[in-house]
Amino acid sequence: AEMKNVLFIVADDLRTSLGCYGDPVVKSPNIDHLASKSQVFLNAYAQQAVCAPSRTSMLTSRRPDTTRLYDFKSYWRVHSGNYTTIPQYFKSKGYFTVSVGKVFHPGIASNHTDDYPYSWSIPAYHPPSFRYEKEKMCKGEDGKLHANLLCAVNVTEQPGGTLPDLESTDEAVRLLKSRVNNDDPFFLAVGFHKPHIPFRIPQEYLSLYPIEQMKLAPDPDVPKHLPPVAYNPWTDVRKRDDVQKLNISFPYGPIPKDFQLRIRQHYYAAVSYMDAQVGRLLSTLDALGLADNTVVVFTSDHGWSLGEHGEWAKYSNFDVTTRVPLIFFVPGVTTFLDWQGPSTFPFIDVLTQPEYSFQNGKVGKNVVELVDVFPTLSSIAGLGTPQSCPDVSFQEELCAEGRNLANTFRYGERG
Amino acid sequence: VNEEAVSFSQYPRPADTPQVNSDLPDLKDIKVMGYSLRSWDYRYTLWLGFDPKTFQVNVSDIHAGELYMLADDPGEDNNVYTAFDHSVIKKNMAILP
């Protein structure tokens, strides 16, 4: 059959705090709408709860013990093996592949090139305003600018009057429009920077989560029998100016309860802000008439602790940091086009329509992993699935340590 | 059909107790690796000695363990590792990829 395009969307540090995963607090109508037409894997896990290792493992379908990347400081092609990536595989099959935003972890881990030209047809796009992300951009109570964790801003006052994910979405929309009349199928990967810290987000999204409605994590204390080696002391959170001012004791804290509520409020607001960008992207795909021959994958690199077990951030093996959303929209398989009605992906403005609810499409409950994405997506696109890797595969350029899940889309799960 | 779907995650640590680089140790500083096996009803983790030069894990060098029975403890707050006979699950872990 005709080759399908692929829109591959990766959020940064997004736990399963989405309506379609049963989170009662968050407002994520656009991702929930996607899920209502998709296969939703309810129990998907990352191989390591930190950016670079997780992303390299997902995009090569090799576990960290094969990529030998446990930090951010090595490039797998130099350090362990010349492993083929998902975009590289699609590119080799005639796809125009392009990266927008944070797909590979930038820097050493992707050879300072986002693995271009191996993985991408053109150099990767990075939003110019990301250079301010760690700068003093946040107005404090003193009216001065700080490098805060909690950084809801008036976007018009930010440099360039924009934010990284707004720019990434603009670029992805531009690229989609440029592909409409091109016969070559495209593989467009869009990596959103939110809800990764700092929570530098448009302030209007905070209004969706009134602080008086926020609650602490259900289990905010460090568990009694937790081995000290398992505990993550959330050092990156501590480094932000507004957290430093709280003089929190190391390693166990705790963070003052009112500030815990504000962190949770900002995280959820960041999710709704990112959801709106996903909505802009999907509604453009639809408006251009591309929704009926484009596979959409939505996932994240790992989760994030929101105070559970007295922890914040990722860096651990708890479910809240390893469990991720994993959603596959496959036209003609997870949804049938004549069911679509007027449009497949209308943009849902959460700021004016906060109370949207949806029924998931097909759900998978079996435990799956991010290393399964490569073989599954290849199979769905009809490109043939890479062989399973042997136990030791440092010499194998193209193989998968994950499983092909495509058959569960049609025939349901077994086991 | 009898296969049980499980996921494998892992996390490195520079020491047995939390320190400033516990969240993100450089490769050269990794001393312990926490391997987790997660199925639909439990999460089992062994924190094992790790040599960053050879990338070898010493499965007899167990620094700590975690076991959460998720039906009763979905939030993973009650570690029952010490109260458990590990022969069965360790056999599972032996199939670590």
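The basis for the numbers below is simple: all heavy atoms, side chains too, and nothing from hydrogens, waters or symmetry mates. In what follows, chains carry the letters A, B, and so on, assigned in the order in which the sequence lines appear, proteins first and then strands, with residues in each chain numbered from 1.
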Checking B:Pro14 against chain A: side chain, backbone, both or neither under 4.5 Å from a heavy atom? neither

Heavy atoms, side chains only, cut-off 4.5 Å: are [X] and [Y] in contact?
{"X": "A:Phe72", "Y": "B:Leu24", "result": "yes"}
{"X": "A:Arg68", "Y": "B:Pro52", "result": "no"}
{"X": "B:Leu27", "Y": "A:His79", "result": "yes"}
{"X": "B:Pro12", "Y": "A:Gln48", "result": "yes"}
{"X": "A:Thr235", "Y": "B:Gln19", "result": "no"}
{"X": "B:Asp23", "Y": "A:Pro233", "result": "yes"}
{"X": "A:Tyr231", "Y": "B:Ser22", "result": "no"}
{"X": "B:Trp40", "Y": "A:Lys365", "result": "no"}

Using the side chain to side chain donor-acceptor pair (under 3.5 Å) rule, take B:Thr45 and A:Asn317 through it: C-alpha gap first, then chi angles, then the decisive distance, then the call. CA-CA 8 Å; B:Thr45 299; A:Asn317 280 342; 4.6 Å; no

Might you work through the side chain to side chain contact (heavy atoms under 4.5 Å, CB included) test for B:Tyr35 and A:Asp65, ending with a clear yes or no? CA-CA 11 Å; B:Tyr35 285 97; A:Asp65 283 345; 2.5 Å; yes

Please classify the contact of [X] with chain B as side chain, backbone, both or neither, using a heavy-atom distance under 4.5 Å.
{"X": "A:Ser54", "answer": "neither"}
{"X": "A:Glu308", "answer": "neither"}
{"X": "A:Ala230", "answer": "both"}

Taking side-chain hydrogen bond (donor to acceptor under 3.5 Å, both in side chains) as the test, write out the residues that go with A:Asp71, two or more places apart.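 If we apply the side-chain hydrogen bond (donor to acceptor under 3.5 Å, both in side chains) test to A:Asp71, skipping adjacent residues, there are no hits.
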
Measure up the A:Tyr70 and B:Phe55 rings against each other and bin them: parallel (under 30°), tilted (30 to 60°), perpendicular (over 60°). tilted

Aromatic rings A:Phe318 and B:Tyr68: how do their planes relate, parallel, tilted or perpendicular, breaks at 30° and 60°?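 The rings of A:Phe318 and B:Tyr68 sit tilted, inter-plane angle from 30° to 60°.
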
Look only at the side chain of A:His309 and the backbone of B:Glu76, and say whether a donor-acceptor pair between them is shorter than 3.5 Å.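 Confirmed, A:His309 side chain pairs with B:Glu76 backbone.
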
Chain A: which of B:Thr17, B:Val20, B:Val32 shares the most heavy-atom pairs with it under 4.5 Å? B:Val20

Selection from B:Leu70, B:Asp77, B:Asn79 maximising heavy-atom pairs under 4.5 Å formed with chain A: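 Ranked by contacts with chain A, first place is B:Asp77.
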
